[in-house]
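Here the structure is laid out as structure tokens; the discussion comes afterwards.
FYI, the numbering just counts along the sequence from 1.
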Amino acid sequence: MYTKIFIRTFPYDEECELFESLLKTRWPTLLEGVDDVSFKAFKNMSQRNILTVVWFFPDKKTQDRVEKLIEEHITKFTRTLSPKTMTFSGQNIFTLTT
């Protein structure tokens, strides 16, 4: 499994909420036909302008495909909001479940 993590810090809470709305409304349509891909969005309610999105991909080829969709559809939107963005990409090396 491959993972990509986006941590976006928006200037204002409202901009973060706009981005959340975009994730909820656009991604179901954008991911039609892309199998075994999911993401989780996390928000610390005491820092409502920061949103962390963790993507899960079955393989590198699928990750590349979704990252192209991100570039085409999401990056344009985030440029207008000007969040600070940190990313991390990696492959799962182990999982602990209790």
Side-chain angles (χ1 to χ4, degrees):
M1 176 178 294
Y2 289 77
T3 302
K4 179 134 189 182
I5 301 170
F6 289 89
I7 303 170
R8 290 192 167 98
T9 303
F10 294 86
Y12 304 103
D13 296 356
E14 296 79 15
E15 292 180 355
C16 187
E17 290 171 11
L18 282 171
F19 188 72
E20 283 180 64
S21 177
L22 175 77
L23 290 176
K24 291 176 186 175
T25 59
R26 290 205 60 192
W27 274 109
T29 303
L30 292 173
L31 289 176
E32 287 178 359
V34 181
D35 296 328
D36 301 320
V37 172
S38 64
F39 70 84
K40 293 184 179 188
F42 299 90
K43 189 175 203 177
N44 180 333
M45 294 309 187
S46 65
Q47 294 177 300
R48 300 181 64 85
N49 66 317
I50 300 173
L51 185 68
T52 300
V53 177
V54 182
W55 284 89
F56 303 95
F57 311 100
D59 52 51
K60 183 70 171 129
K61 181 180 176 184
T62 304
Q63 180 180 357
D64 293 343
R65 182 177 173 194
V66 172
E67 285 184 358
K68 185 176 179 185
L69 290 171
I70 291 170
E71 183 64 32
E72 292 172 359
H73 298 277
I74 303 302
T75 303
K76 295 173 189 175
F77 183 78
T78 57
R79 281 187 195 133
T80 63
L81 298 178
S82 302
K84 294 179 189 173
T85 302
M86 290 179 36
T87 64
F88 168 81
S89 291
Q91 187 173 359
N92 184 30
I93 57 170
F94 71 90
T95 301
L96 174 65
T97 305
T98 60

Report task. Could you grab the distance from atom CZ of R8 to atom NZ of K84, nearest 0.5 Å is fine? Result -> 15.0 Å
Query - Hydrophobic cluster identity match, V53 and M86, side-chain contacts under 4.5 Å - result: no
Query raised in the report: Taking side chain as C-beta onward, heavy atoms only, is K68 less than 4.5 Å from E72?
Result: yes
Query - Identified side chain to side chain donor-acceptor pair (under 3.5 Å) counterpart of Q63 within the set K61, E67, R65 - result: E67
Query raised in the report: In Å and rounded to the nearest 0.5 Å, what is the CG to CZ distance from L51 to F6?
Result: 11.5 Å
Requested in this report: Report yes or no: do M1 and F57 belong to one cluster of Ile/Leu/Val/Met/Phe/Trp/Tyr joined by side chain heavy-atom distances under 4.5 Å?
Outcome: no
Query raised in the report: Atom CG of D59 and atom CD of Q91: how far apart are they, to the nearest 0.5 Å?
Result: 10.0 Å
Query raised in the report: Could you give the distance from CG (L31) to CG (D36), rounded to the nearest 0.5 Å?
Result: 11.5 Å
Query raised in the report: Hey, are the side chains of V37 and T62 touching, using non-hydrogen atoms and a 4.5 Å cut-off?
Result: yes
Requested in this report: Can you see which heavy atom on I50 is nearest to which on K43, and at what distance?
Outcome: O-CG, 3.7 Å
Report task. Treat each ILVMFWY residue as a node, draw an edge where side-chain heavy atoms are under 4.5 Å apart, and state whether I5 and L23 are in one component. Result -> no
**Report entry** Shared hydrophobic cluster for I70 and Y2 (ILVMFWY, side-chain gaps under 4.5 Å)
**Finding:** yes
Requested in this report: Tell me whether L30 is reachable from V54 by hopping between hydrophobic residues (I, L, V, M, F, W, Y) whose side-chain heavy atoms are closer than 4.5 Å.
Outcome: no
Requested in this report: Assign the ring pair W55 / F39 to parallel, tilted or perpendicular, where the plane angle (0 to 90°) is split at 30° and 60°.
Outcome: tilted
Query - Side chain proximity check, F88 to I7, heavy atoms < 4.5 angstrom - result: no
Report task. Enter the distance from S82:OG to Y12:OH here, rounded to the nearest 0.5 Å. Result -> 10.5 Å
Query raised in the report: Hey, is the main chain of F10 close enough, under 3.5 Å, to the side chain of N49 for a donor-acceptor pair?
Result: yes
Report task. Taking the side chain as every heavy atom from C-beta outward, state whether F56 and K40 have any atom pair closer than 4.5 Å. Result -> yes
